[in-house]
Amino acid sequence: MSNSDFLLQNLNIAQRQAVSAPLAHTLVLAGAGSGKTRVLIQRMAWLIHTERQSPFQLLAVTFTNKAAKEMQRRLQQVLNIKPQALWVGTFHGIAHRLLRRHYAQAHLPAGFQILDNQEQYNMVRRVLKHTNLDEKEWPPRQVQSHINQQKEGGFYPEQVETGNGYHSQTLLKLYHHYHSLCQQSGLLDFADLLLRAYLLWRDNPELLAQYQQRFAHVLVDEFQDINPMQYRWLKLLAQHNRVFAVGDDDQSIYGWRGADLAHIHRFQQDFQPNQLVKLEQNYRSTGMILAAANGLIAQNRQRLGKNLWTQAGEGAPIYLYQAYNDLDEAGFIADKLQACATQYGGYQHCAVLYRVNAQSRVLEEALLKRNIPYRIYGGLRFYERAEIKDALAYLRLLAHVDDDLAYERVVNFPPRGIGKTTVETVRAHARRHGCSLWQATTALLGNAGLSARAGQALAKFQQLIQNLKQRDLTLDELAQTVIEQTGLIAYYQKKRGEKEEMRLENLAELVRACHQFSAQYEEDLPLLSAFLTHTVLEAGEAGQGTVQGVQLMTLHIAKGLEFPLVFLCGLEENLFPHQLALAELNGLEEERRLCYVGITRAMRQLYLSYAQARCLHGMESHSRPSRFISEIPIGVLEPVHLSSAHQTVYRNHNP
DNA sequence: GTACGACCACTTTTT
DNA sequence: GTGGTCGTAC
């Protein structure tokens, strides 16, 4: 058997066509459960083994770290190459790698750090305070998303074309201010990573040529999620090389954060792909489930057109439960789970999916009452916890003292007698002289512009940071020293509550994480800087790791996963489709795709449910069944009728 | 510096 | 119903 045959074995015709496509731009439309990742991996193997391309010539881009890791794992399995040898990563991860390598050409300080969402938000609020604007009138979230939109469109403040209106002028002023603060502190937000990496190439043609030559093949996963800047970056890189793009227009559910379906269409125009391959054979779900999914998604107008089919049987119908209220719905789901989870391989193979996180509470209570183990996804992740952020802020200050955000966070935490007035004096000085808070501190301490007590406290803080900076320690020793010397540990020990115990435990975990990180670290970037980047760019999953139970999550989180038994609940107008989404352009179609994603998660059995009444925002509200229910073909859905005795139980529960 | 009560707003979330 | 922010009182 030749090399090529081996690689095409066990693939269907469409999959083979994709894997063995000629060396040219290729677009693969891969339906849910159609073996998308497999095709990507096999394609890379094909390029290396059959087309004799060097692994170094491949660049594989994903959107999430999870997808990138999975790809690396499977590549290692199939190709038996060290994962480090391959450029596989997220758009942001790769952009970051480029910027670190060529920081000077990108006009960045060597030790630049990255802001996560939360910190970007804090930065925006700081800017609003500086400019004396009211948060009510200028909601930080909106300002933040405006800034991100500008960056995604490729505009730094200097390039923004603004109207004469007060509103747009103010937004521009805020953006300017935000941008200069970030520059001063050596901070990049997520959108910056992409924009800077793009500008780096655009403005340095020799460098671009080098990378264009190197990456003869670029493979992109989840192409439907690409945002404008990512697309431009890709287009710049791929002028002469080949792009193998894989995606599913029907699973585009991130429009609200800049992803634009139009890029799939633009790809067809700009790149003129040699082949358009559709993977429509589904290996995951029953015929009934696919019929529901196909019927629903057929209602969308903006489609490239795809129809999933399966060789598996029809399977059971999809059951629809009309609940009296949200408690009834949760009770029904919990009862069903208790009765038949074993049939589907146990609780951990069952999932309950919902539109908004708020729906999880009632479900959680119902499961708790029956002692059914469960795991809720979403919520605070490890590196986002307050105590971890505090410790990291100290570390960031050690890496780069001019980091104003880090300074503000810890200057008086734990409390050390540096009050609002003192900090305000420092801020005012910094603003006046256009310097960082740290520099302002040094200046103020030199010229005695502070009260004796304030000066002492501030000097002590400066001493603390300087002492820590001078230590020559390993990363985990440094972390340990920081949480001890800064008083973080003492602060929580003093309180002695259950929460504080947890926080102390988390801080200890941080030290362990530092240890682990240094052990596997191989690159040339300074260790501390690399670790700090890691905490932002590859922040791990939310805790509660070991629980093996029913999986509760939003539809967005469920994308890419599959479960034998799925409950999709809260199918009510204004909840799903969500009221706020309906107000947006193309909002309904995106909601419908979200529903499509939900349905196609189910392998063997799917339950849909809705409640006639539910508590939302603390108020009981009545609602009509979602339009999506009526868009599912007749003959696929079967209503669930419970004995009246059973229903009474829930009715009496919530008068 | 902290503790408590009033007030408000409120999709989705990865990088 | 919850969680975050702000002002006030100790």
Side-chain angles (χ1 to χ4, degrees), chain A residues 61-68 89-96 114-121 125 134-136 139-141 144-145 148 151-152 188-195 197 222 225-227 229-230 252-259 326 353-362 364-365 377-381 383-384 386 412-421 457 491 494-495 533-542 553-560 570 574-584 587 590-591 593-595 597-598 614-621:
Chain A
V61 201
T62 63
F63 281 83
T64 66
N65 288 305
K66 204 170 145 197
T90 63
F91 274 102
H92 290 85
I94 286 162
H96 172 253
I114 298 162
L115 289 180
D116 69 13
N117 233 347
Q118 209 181 315
E119 290 162 331
Q120 185 185 32
Y121 179 80
R125 294 191 62 196
D134 187 4
E135 291 196 3
K136 294 241 164 60
R141 287 271 165 236
Q144 183 183 9
S145 83
N148 287 338
K151 287 187 185 175
E152 270 154 26
L188 297 189
D189 58 38
F190 288 127
D192 272 325
L193 287 175
L194 301 174
L195 179 46
E222 306 275 16
D225 287 337
I226 209 162
N227 79 21
M229 199 30 74
Q230 289 162 338
S252 163
I253 56 174
Y254 285 111
W256 50 274
R257 73 180 194 215
D326 47 351
L353 311 180
Y354 37 82
R355 177 68 239 269
V356 304
N357 285 118
Q359 288 171 260
S360 69
R361 213 194 85 249
V362 186
E364 191 178 3
E365 279 164 14
Y377 287 78
L380 267 197
R381 289 183 299 179
Y383 290 115
E384 286 169 5
N412 196 37
F413 191 85
R416 49 173 71 87
I418 302 173
K420 276 187 201 122
T421 349
Y491 177 80
K494 210 174 59 196
K495 300 223 164 181
T533 303
H534 163 81
T535 63
V536 181
L537 225 46
E538 292 150 56
E541 284 245 337
M553 63 187 91
T554 62
L555 288 155
H556 284 91
I557 296 180
K559 191 169 107 170
N574 295 329
L575 178 62
F576 192 25
H578 198 280
Q579 203 172 356
L580 293 175
L582 287 174
E584 258 153 49
E590 181 149 318
E591 292 288 297
R593 291 194 290 268
L594 194 53
C595 189
V597 166
R614 107 168 31 242
C615 281
L616 265 178
H617 314 316
M619 284 199 348
E620 166 119 313
S621 60

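Throughout, a chain's letter reflects where its sequence line sits, starting with A, and its residues are numbered from 1. Values in this document were obtained by computation on a predicted structure and should not be read as measured data.
- Set against B/dT12, B/dG1, B/dT15, the side chain of A/Thr90 has B/dT15 as its closest nucleotide.
- Against the 90° criterion about 0, the sugar-base torsion of B/dT12 places it in the anti range.
- Taking the six-membered ring where tryptophan is involved, the planes of A/His556 and A/Tyr254 are tilted, since the angle between them lies from 30° to 60°.
- A/Asn574 is listed as a side-chain neighbour of A/Leu582, based on a closest heavy-atom distance under 4.5 Å.
- As judged by a 4.0 angstrom heavy-atom cut-off over every strand, A/His617 is placed among the base-contacting residues.
- Protein atom CD of A/Glu152 is 12 Å distant from nucleotide atom C1' of B/dT14, rounded to whole Å.
- Between A/Arg361 and A/Glu364, none of the side-chain N atoms (NZ, or NE/NH1/NH2) sits under 4.0 Å from a carboxylate O, so this pair counts as no salt bridge.
- Residue A/Arg361 has its side chain nearest to C/dG1 when only C/dG1, B/dT15, B/dT13 are considered.
- Counting distance only, with no hydrogens placed and no angle test, the side-chain atoms of A/Asn117 and the base atoms of B/dT14 include a donor-acceptor pair under 3.5 Å.
- Residue-to-nucleotide proximity on DNA chain B shows that, of A/Asn357 and A/His92, the 5′-proximal contact is made by A/Asn357.
- Nucleic acid contact class of A/Gln359 (heavy atoms, under 4.0 Å, all strands): none.
- Residues A/Gln144 and A/Asn148 meet the side-chain proximity criterion, which asks for heavy atoms closer than 4.5 Å.
- Between the OH atom of A/Tyr254 and the C1' atom of B/dT11 there is a distance of 12 Å, given to the nearest Å.
- Toward the 5' end of DNA chain B, the nearer of the two residues A/Arg355 and A/Glu538, judged by each one's closest nucleotide, is A/Arg355.
- Rounded to a whole Å, the NZ atom of A/Lys559 is 17 Å from the P atom of B/dT12.
- In this structure, of B/dT12, B/dT15, B/dT2, it is B/dT2 that holds the atom nearest to the side chain of A/Pro415.
- Residue A/Asn65 is in sugar-phosphate contact alone, with no base atom involved, counting any heavy-atom pair closer than 4.0 Å across all strands shown.
- Heavy atoms of A/Leu194 sit nowhere under 4.0 angstrom from any nucleic acid atom.
- Between A/Lys420 and A/Tyr121, the one whose closest nucleotide on DNA chain C sits nearer the 5' end is A/Tyr121.
- Across the protein-nucleic acid pair, A/Met619 atom CE and B/dC8 atom P stand 16 Å apart, rounded to whole Å.
- In this structure, CD1 of A/Ile418 is placed 14 Å from P of B/dT2, rounded to the nearest angstrom.
- Distances from the side chain of A/Thr554 to the nucleotides B/dT15, B/dT12, B/dT11 place B/dT12 closest.
- In this structure, A/Glu364 atom CD and C/dT2 atom C1' are separated by 13 Å, rounded to whole Å.
- Contact between the side-chain N/O atoms of A/Asn227 and the OP1/OP2 oxygens of B/dT14 is not found at any separation under 4.0 Å.
- The closest donor-acceptor contact from the side chain of A/Glu152 to the backbone of A/Asn227 lies at 3.5 Å or more, if one exists at all.
- A/Asp225 and A/Lys559 are joined by a salt bridge, as a carboxylate oxygen and a charged side-chain nitrogen come within less than 4.0 angstrom of each other.
- Counting any heavy atom pair closer than 4.0 Å across all strands shown, A/Arg125 reaches sugar-phosphate atoms only and no base atom.
- Between A/Leu188 atom CG and B/dT15 atom P there is a gap of 18 Å when expressed in whole angstrom units.
- In this structure, the nucleotide among B/dT15, B/dT11, B/dG1 sitting nearest to the side chain of A/Glu584 is B/dT11.
- Residue-level contact check: A/Gly417 touches the backbone only, with heavy atoms under 4.0 Å from sugar-phosphate atoms and none from bases.
- Nucleic acid contact for A/Asp189: none, since no nucleic acid atom lies under 4.0 Å from a heavy atom of the residue.
- Rounded to an integer number of Å, the gap from CZ of A/Phe63 to P of B/dT12 is 21 Å.
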